[in-house]
Enquirer: 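Let me begin by handing over the structure; questions about it come next.
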Amino acid sequence: MSYCVNCGVELDNTAHSCPLCHTEINNPKQPIDLTSPTPYPRKKGELEVLKKRDSAIVTSVVLGSTALSCGLLNLFVFQNGRWSLYIIGACLLLWIFCIPILIYSKLPIFISIFLDGIAAAMYCGIIAYQYPGKGWYQNLAIPIILLTTILIEIFAIYLKMFKNSILSRACLFFAEVAVLCSGIEIFIDLYIKHNVSLSWSAVVLTCCSIIVVTLTTIIKQTRLRNEVRRRAHF
Ligand SMILES: [Zn+2]
């Protein structure tokens with residue numbers, strides 16, 4: 001048995017250095033035994049996989065039991081209205097959002113964004129089932145969700161597929177914000193007034209256009225781009 005010459009802690013015969021003070025072990029009477037099992041696992045990452053699976057199980061059980069118990073309460077105890085549908089829908093929405101983080105991390109980002117879009121459409125569908133209104137679901141909710149999903153997909157494809165800098169990402173981001181805000185106002189106008197007249201989104205469009213034009217100029221001019229990178233430290 002060896003002891004650390006620095007802190008005196010008892011050492012395992014497989015250790016190369018003291019686990020407390022990291023002093024190198026050099027005991028000629030007891031060389032390091034590489035064949036014995038070490039007190040610490042050699043494989044890294046095993047605990048992480050297990051933890052992830054555990055949190056996926058806990059999340060699924062919590063969401064599933066919440067949805068089930070609210071459904072049963074609605075059916076047998078508080079029977080006024082179909083209120084449990086909102087909670088069941090929210091649980092399903094959260095579960096779908098959790099898939100890429102907890103349950104199946106190898107899911108391509110494009111598919112998880114697509115699933116998130118469907119989940120959002122489904123949740124709005126539950127609300128529309130209770131309050132159909134004047135066709136707000138198909139004329140307002142679906143176009144806005146579709147536009148948002150397409151824009152997020154474009155951003156994800158750009159990040160994943162193309163070599164890009166922070167400046168070009170920011171440029172695409174502001175261009176998409178402009179398209180999204182204009183799109184939302186157009187859909188609202190068409191739904192309420194049946195004609196399009198941009199007001200608040202025109203302000204967003206103007207600000208974003210100024211930013212996009214400025215960023216594009218910086219990206220195109222190599223000297224300017226390098227100067228901005230040097231000063232902003234990226
Ligand atoms: Zn030590």
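All values below were derived from every heavy atom in this structure, side-chain atoms included, with hydrogens, water molecules and symmetry-related copies excluded. Remember, it's 1-based here, ligands and their atoms both numbered in the order they're listed.
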Enquirer: Give a yes or no on this: more than 12 heavy atoms of other residues, nucleotides or ligands lie within 6.0 Å of atom CD1 of Ile109.
Expert: no
Enquirer: List nothing but the number: protein N/O/S atoms under 2.8 Å from the Zn ion (ligand 1).
Expert: 4
Enquirer: Can you establish whether the number of heavy atoms outside Glu24 located under 6.0 Å from its atom CD is more than 12?
Expert: no
Enquirer: Does Phe110 CZ have over 12 foreign heavy atoms under 6.0 Å away?
Expert: yes
Enquirer: Out of curiosity, does Val204 fall in the hydrophobic cluster containing Leu147 (side-chain heavy atoms, cut-off under 4.5 Å, transitive links)?
Expert: yes
Enquirer: Within a radius of less than 6.0 Å around OH of Tyr191, do more than 12 heavy atoms belonging to other residues, nucleotides or ligands occur?
Expert: yes
Enquirer: Between Trp95 and Ser60, do the side chains contain a donor N or O and an acceptor N or O under 3.5 Å apart?
Expert: yes
